[in-house]
Structures are given as structure tokens and as C-alpha cells.
Asker: 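Before anything else, here's the structure in question.
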Amino acid sequence: MLDFVQQLVSGIALGCVYGLIALGFVLIYKATEVVNFAQGDLMMLGGFFGFTFIGMLGFNYWFGFAGAVIAMALFGMLAERVVVRPILGYPQFSIIMVTIGLGFFLRSMAGIIWGTDDLKIDTPFSAGVLKIGPLVLAHDKLSVIAATVILCTLLYLFFNRTTLGTAMRASSENMLAAYYMGIPVKRVVSIVWAISAAVAGTAGVLLAPITFVHSNVGLVLGLKAFPAAVLGGFGSIPGALVGGVLIGVIESMAGFYLPQGWKDVAPYIVLLAVLLLKPEGLFGLHVRKKV
């Protein structure tokens, strides 16, 4: 039973990282109907920014964390303005290929700037543990779960209780109608990219206590976060988080209880099973086809 609880907490912590990356997929897709396949690499870049501020420049962990998130928000706005906005309106395949190319560019630049070695960020939670009787839970994993809950609460309040959040939701529902109502759609889309990159950067810094940061970590985790977004229902913000947690828990449990090799396969088997039974995903809106 203790092993089960520990694996469950580990899976939830890892799933929170998947969920935050998947949340970035969903935010950009809802606002622009663009699937950003560089989202995992934005997470990787956020981890390297965190390492730069905390590990290289010697900033306090919290100041370094905030600096990495702000840097990623600015980079997200820059990427939207320079890379994505000029090709909006072109076929979806063209936009997808551009985001894939952006991911390759970020991985290459990360290797050039920070090298190809595995890097780790020291955090206030790295060595701490919480003991509940015989149960031992690492502070770094609990901190990831707590930070994800706090971040999601702030995003919920932002989207539902602020004027800008309402404008962003309106733009995601109908961009043309929002434009005619006086909403600055281009600025809203730029802010969505900033928020998406900031969320990815947060995931990158949170990931550092659990695993190492390296130039290919974004590709690996992005390939798992995208199915998490699909599992939850592409376009659903709660679904992205739930899908990420499910993928993380299934992966953790499969790695512990099933033979070697099942860890990376089990989440995709569950994904296929869910999509066969509920093609729109767990939280997706069902659209009845007209015959």
C-alpha cells in the first residue's frame, strides 16, 4: 500500500508537468486554432532560463523562478509576432510545420548556448521529505502538485473574473465577432502566447527537481503532453490538466507494477481505448453529425 501511494504521488507530480504543457497546447489552440508543436520545447527553454538565473547568476530561487517565467512570457510574445502571425490564414499544415521547425530551432540553440549535459536546479525542496508514519513523500514532488493547483486557480480567476480574461474567452469562441465588438484580437492572441509560454516555463522550472534539464527533454515530454491534451478533450482547459495527471499516474504505475517496456506504452493504450469509446475526449464537447 505504501508503494502504491508513493507511486501515485510521483505520477500526479509528473502528470502535473504534462498537464501544464498540455494546457499550453489548449490555450493557443482555443485562441488561434493553431497546434503549437513547439510547446514542449518552450518548457525546456523555461528550464534553461531557470538554471541561468538560479544556477549561473546565483539569484534567489523565487526571484530566479519569477525571472524565468517573465522571460518566457516575453519570448512567447516575440515568437507569436515574428514566427506565427505572418502565416496566420495559411493552411494548417503550414502553421504546424512552422511550429515543428521552431521546436528544432529551440533545441539547437539550447544545445549551443547551454551545452548538451544534463543540468539540475537546486531548490528549497530538493532534500526535504514529509513523513506520515511509515509513508515518506518528497517535498519536491509535493511542491510541483501545490504549484500546479495554485497556478490553475490563478488562471481560472484570470479567465473568469477579469475584463482581459473575458476578452480572451470571447476571442477564442469567435475571433471575427470579437473583432467587430472592439476587442483588439491581435493583442489578445499575443497575450495568449505569452501566457502559454509562461505556463510552459513554469513547468520547466518545476520539472528541475524531479529530473534533469537538457536540450531534448522538451521533445520527450511534449510527445506525452500532446496525448494528454487529446485525452482530456482538445480545447478543454480542465481536460488538459486531468489528461496530464492521468497520463502521469498511468506511466508511474505501469513502470512500477508492469514488466519493463510497458511504462512508455501504457498511456497510449489507455488513450486509444478512451478515444475509441469517447472520440471527443473526456471533457470534449460531443458534436452530432448530420446525415
Side-chain angles (χ1 to χ4, degrees), residues 19-39 42 69-103 151-202 225-226 228-243 279-291:
L20 291 177
I21 302 173
L23 182 60
F25 279 114
V26 171
L27 288 175
I28 291 177
Y29 181 78
K30 282 177 67 67
T32 62
E33 294 188 349
V34 171
V35 181
N36 178 25
F37 282 100
Q39 191 65 30
L42 291 177
V69 172
I70 293 172
M72 285 306 302
L74 295 175
F75 182 84
M77 296 179 69
L78 177 66
E80 186 276 333
R81 183 65 183 88
V82 175
V83 178
V84 179
R85 189 180 298 183
I87 61 170
L88 285 179
Y90 284 77
Q92 285 291 325
F93 179 75
S94 301
I95 302 176
I96 288 174
M97 292 305 298
V98 166
T99 63
I100 292 175
L102 176 62
L151 178 60
C152 292
T153 302
L154 292 176
L155 286 174
Y156 173 81
L157 294 175
F158 172 77
F159 281 113
N160 292 277
R161 302 295 176 86
T162 66
T163 303
L164 180 57
T166 302
M168 294 172 71
R169 288 191 293 118
S171 298
S172 68
E173 291 294 332
N174 192 319
M175 193 175 295
L176 185 60
Y179 176 79
Y180 286 138
M181 292 298 294
I183 295 175
V185 174
K186 289 183 179 180
R187 188 183 307 167
V188 167
V189 170
S190 183
I191 294 174
V192 168
W193 271 80
I195 293 175
S196 176
V199 170
T202 301
F226 183 74
V230 176
L231 179 63
F234 215 91
S236 169
I237 292 177
L241 298 170
V242 173
E280 67 276 11
L282 296 176
F283 291 83
L285 297 177
H286 181 71
V287 179
R288 182 176 296 176
K289 293 182 179 179
K290 296 181 180 180
V291 179

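The analysis underlying the following values was restricted to heavy atoms, covering all of them including side chains, and did not include hydrogens, waters or symmetry mates.
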Asker: What closest approach, in Å, do Ala229 and Val26 show between heavy atoms, and which atom pair accounts for it?
Answerer: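 Scanning both residues completely, I find the closest heavy atoms to be CB-CG2, 4.2 Å.
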Asker: May I have all residue pairs that pass side chain to side chain donor-acceptor pair (under 3.5 Å) and include part of residues 73-87, sequence neighbours excluded?
Answerer: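 Passing the test, one end in residues 73-87: Glu80-Arg85.
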Asker: Which heavy-atom pair separates Ile96 from Val35 by the least distance, and what is that distance?
Answerer: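 That would be CG1-O, 4.4 Å.
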Asker: What are the two closest heavy atoms between Ser94 and Ile87, and how far apart are they?
Answerer: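 Looking at all heavy atoms of both residues, the shortest contact is O-CD1, 4.3 Å.
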Asker: Does atom OH of Tyr156 have more than 12 heavy-atom neighbours, drawn from other residues, nucleotides or ligands, at distances under 6.0 Å?
Answerer: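 No, the 6.0 Å shell around OH holds no more than 12 heavy atoms from other groups.
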Asker: Do Ile70 and Phe75 have side chains that approach each other closer than 4.5 Å (heavy atoms only, starting at C-beta)?
Answerer: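 The answer is no; the side chains never approach within 4.5 Å.
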Asker: Under 30°, 30 to 60°, or over 60°: which ring-plane class applies to Phe37 and Phe226, parallel, tilted or perpendicular?
Answerer: tilted
Asker: Please table the atom pairs, donor to acceptor, closer than 3.5 Å between any side-chain atom in residues 186-198 and protein atoms at least two apart or in another chain.
Answerer:
residue	atom	partner	partner atom	Å
Ser196	OG	Gly24	O	3.2
Ser196	OG	Gln39	OE1	3.1
Ser196	OG	Gln39	NE2	3.1

Asker: Run the numbers on Leu231 and Val242 for side-chain contact (heavy atoms from CB on, under 4.5 Å), then give the verdict.
Answerer: CA-CA 9 Å; Leu231 179 63; Val242 173; over 6 Å; no
Asker: Please name the pair of heavy atoms, one in Ala170 and one in Ile183, separated by the smallest distance, quoted to 0.1 Å.
Answerer: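 Nearest pair, atom of Ala170 first, then Ile183: CB-CD1, 3.9 Å.
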Asker: CG of Leu157 to OG1 of Thr162: how many Å apart, nearest 0.5 Å?
Answerer: 9.0 Å
Asker: How many angstroms lie between atom CG of Asn36 and atom CD1 of Ile95, to the nearest 0.5 angstrom?
Answerer: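 Reported to 0.5 Å precision, the distance equals 11.0 Å.
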Asker: Could you give the distance from CD1 (Ile21) to OG1 (Thr202), rounded to the nearest 0.5 Å?
Answerer: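 The OG1 atom of Thr202 is 11.5 Å from CD1 of Ile21, to the nearest 0.5 Å.
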Asker: Between Val230 and Phe25, is a side-chain contact (heavy atoms from CB on, under 4.5 Å) present by the stated rule, with each step listed?
Answerer: CA-CA 10 Å; Val230 176; Phe25 279 114; over 6 Å; no
